[in-house]
Amino acid sequence: MRIQNMFHDDINRQINGVIKVDQDAHDVIEQEVREYVITKELRKHFSAFFNYYSDSFDVPTADVGVWISGFFGSGKSHLLKVLSYVLENKLIVDGQSCADIFAEKAGDDFVLKANILSACKIPTESVLFNIQELHDGLGKNVNDPVLTIFLKVFNKKF
């Protein structure tokens, strides 16, 4: 038996080495969500996130925000991008949604699975962008570059 035959997916397929915001074709979305691995540690964080996220719709709050931190190359961008697909509940293949695929990754954690599916019923739209790329094109005469970038992206999206 050859090693390449031991894997479920073709090991010669195209794999993006770097997660980029503008790579949002359906096949890229499907691959990124299907191949995302929820580790034991991530499962705890996703449980907390989806609990708080769902609760914020049941009991309105102004305390909204998520801080994602980690070392360079630790997967922060990948996490954020996949989470945006899941929360938007994008349809990808054969009518299957990102939320359905992601919820299956919860395995036997039925509470997490239910919270994922529940949270994804709430209409959500994500706005992803690379702030560094947009900052580099602003020039030096801008008083508040972060606010300018956010406003520019917001106006472009809506």
Side-chain angles (χ1 to χ4, degrees), residues 7-9 11 13-57 61-93 96-109 111-138 142 144-158:
F7 294 92
H8 181 269
D9 294 324
I11 63 171
R13 70 193 180 285
Q14 175 67 33
I15 299 174
N16 294 325
V18 176
I19 301 300
K20 295 182 180 176
V21 170
D22 58 351
Q23 293 174 332
D24 59 357
H26 283 288
D27 58 331
V28 172
I29 293 171
E30 179 185 8
Q31 182 179 14
E32 288 179 356
V33 174
R34 282 196 192 282
E35 296 183 1
Y36 192 85
V37 176
I38 298 179
T39 62
K40 185 177 179 180
E41 183 69 22
L42 281 174
R43 187 177 306 234
K44 290 186 270 182
H45 295 293
F46 280 122
S47 291
F49 171 80
F50 282 105
N51 280 334
Y52 288 124
Y53 186 80
S54 295
D55 287 349
S56 71
F57 290 97
T61 178
D63 298 333
V64 179
V66 177
W67 185 265
I68 300 173
S69 64
F71 294 106
F72 178 80
S74 63
K76 299 178 300 295
S77 296
H78 193 193
L79 164 71
L80 185 60
K81 190 174 181 189
V82 168
L83 196 55
S84 76
Y85 296 151
V86 173
L87 291 175
E88 282 192 20
N89 204 8
K90 290 182 180 263
L91 293 178
I92 44 177
V93 176
Q96 198 172 23
S97 71
C98 289
D100 293 331
I101 294 168
F102 199 75
E104 288 304 313
K105 295 178 179 300
D108 60 353
D109 188 339
V111 173
L112 175 57
K113 189 179 290 190
N115 283 341
I116 291 169
L117 293 173
S118 175
C120 295
K121 290 179 182 174
I122 300 162
T124 303
E125 191 163 345
S126 299
V127 181
L128 296 175
F129 58 94
N130 184 332
I131 197 165
Q132 183 64 51
E133 285 179 8
L134 297 173
H135 182 269
D136 292 344
L138 283 180
V142 178
D144 190 346
V146 174
L147 181 60
T148 301
I149 292 168
F150 275 69
L151 184 59
K152 181 178 180 180
V153 171
F154 181 81
N155 287 335
K156 184 178 178 183
K157 180 76 174 185
F158 301 102

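Quick note: numbers below take in every heavy atom, side chains included, and nothing from hydrogens, waters or symmetry partners.
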S.K.: May I ask you to decide if the ring planes of His78 and Tyr36 are parallel, tilted or perpendicular, using 30° and 60° as cut-offs?
M.R.: perpendicular

S.K.: Taking the six-membered ring for Trp, are Phe129 and Phe150 parallel (under 30°), tilted (30 to 60°) or perpendicular (over 60°)?
M.R.: perpendicular

S.K.: How long is the span from the CD atom in Glu30 to the CD atom in Glu35, to the nearest 0.5 Å?
M.R.: 9.0 Å

S.K.: Return the CZ to CD1 distance between Phe102 and Ile38, rounded to the nearest 0.5 Å.
M.R.: 3.5 Å

S.K.: Go through the steps for Phe50 and Val111 under the test side-chain contact (heavy atoms from CB on, under 4.5 Å), then give the verdict.
M.R.: CA-CA 10 Å; Phe50 282 105; Val111 173; over 6 Å; no

S.K.: With sequence neighbours left out, what residues match Ser126 under side chain to side chain contact (heavy atoms under 4.5 Å, CB included)?
M.R.: Ser84, Glu88

S.K.: How long is the span from the CD atom in Glu104 to the CG atom in Leu117, to the nearest 0.5 Å?
M.R.: 8.0 Å

S.K.: So how far is it from Lys113 NZ to Ser118 OG, rounded to the nearest 0.5 Å?
M.R.: 15.0 Å

S.K.: If every non-hydrogen atom of Leu87 is compared with every non-hydrogen atom of Thr124, which pair is closest and at what distance?
M.R.: O-CB, 3.4 Å

S.K.: Please examine the side chains of Pro123 and Glu125, heavy atoms only from C-beta on, and report whether any two atoms are closer than 4.5 Å.
M.R.: no

S.K.: Begin from the C-alpha positions of Ser54 and Asn115 and carry the test side chain to side chain donor-acceptor pair (under 3.5 Å) through to its verdict.
M.R.: CA-CA 7 Å; Ser54 295; Asn115 283 341; 4.9 Å; no

S.K.: Where is the tightest heavy-atom contact between Ser97 and Leu91, given as atom of each residue plus distance?
M.R.: CB-CD2, 3.8 Å

S.K.: Is the number of heavy atoms from other residues, nucleotides or ligands within 6.0 Å of NZ (Lys121) greater than 12?
M.R.: no

S.K.: Please round to the nearest 0.5 Å and tell me the distance separating atom CD1 of Ile101 and atom CD of Gln96.
M.R.: 4.0 Å

S.K.: For Lys105, what residues pass the salt bridge (Lys or Arg N to Asp or Glu O under 4.0 Å) criterion, not counting sequence neighbours?
M.R.: none

S.K.: If we check side-chain contact (heavy atoms from CB on, under 4.5 Å) with Phe46, which of these qualifies: Asp109, Asn51, Leu79, Val86?
M.R.: Leu79

S.K.: Phe49 vs Tyr53 aromatic rings, parallel, tilted or perpendicular, using cut-offs 30° and 60°?
M.R.: parallel

S.K.: Lys76 side chain to Ile68 main-chain N or O, any donor-acceptor pair under 3.5 Å?
M.R.: no

S.K.: Is there any salt bridge (Lys or Arg N to Asp or Glu O under 4.0 Å) pair reaching into residues 62-75, and which pairs are they, with sequence neighbours excluded?
M.R.: none

S.K.: To the closest 0.5 Å, what do you measure between CD1 (Ile116) and CG (Asn89)?
M.R.: 11.0 Å

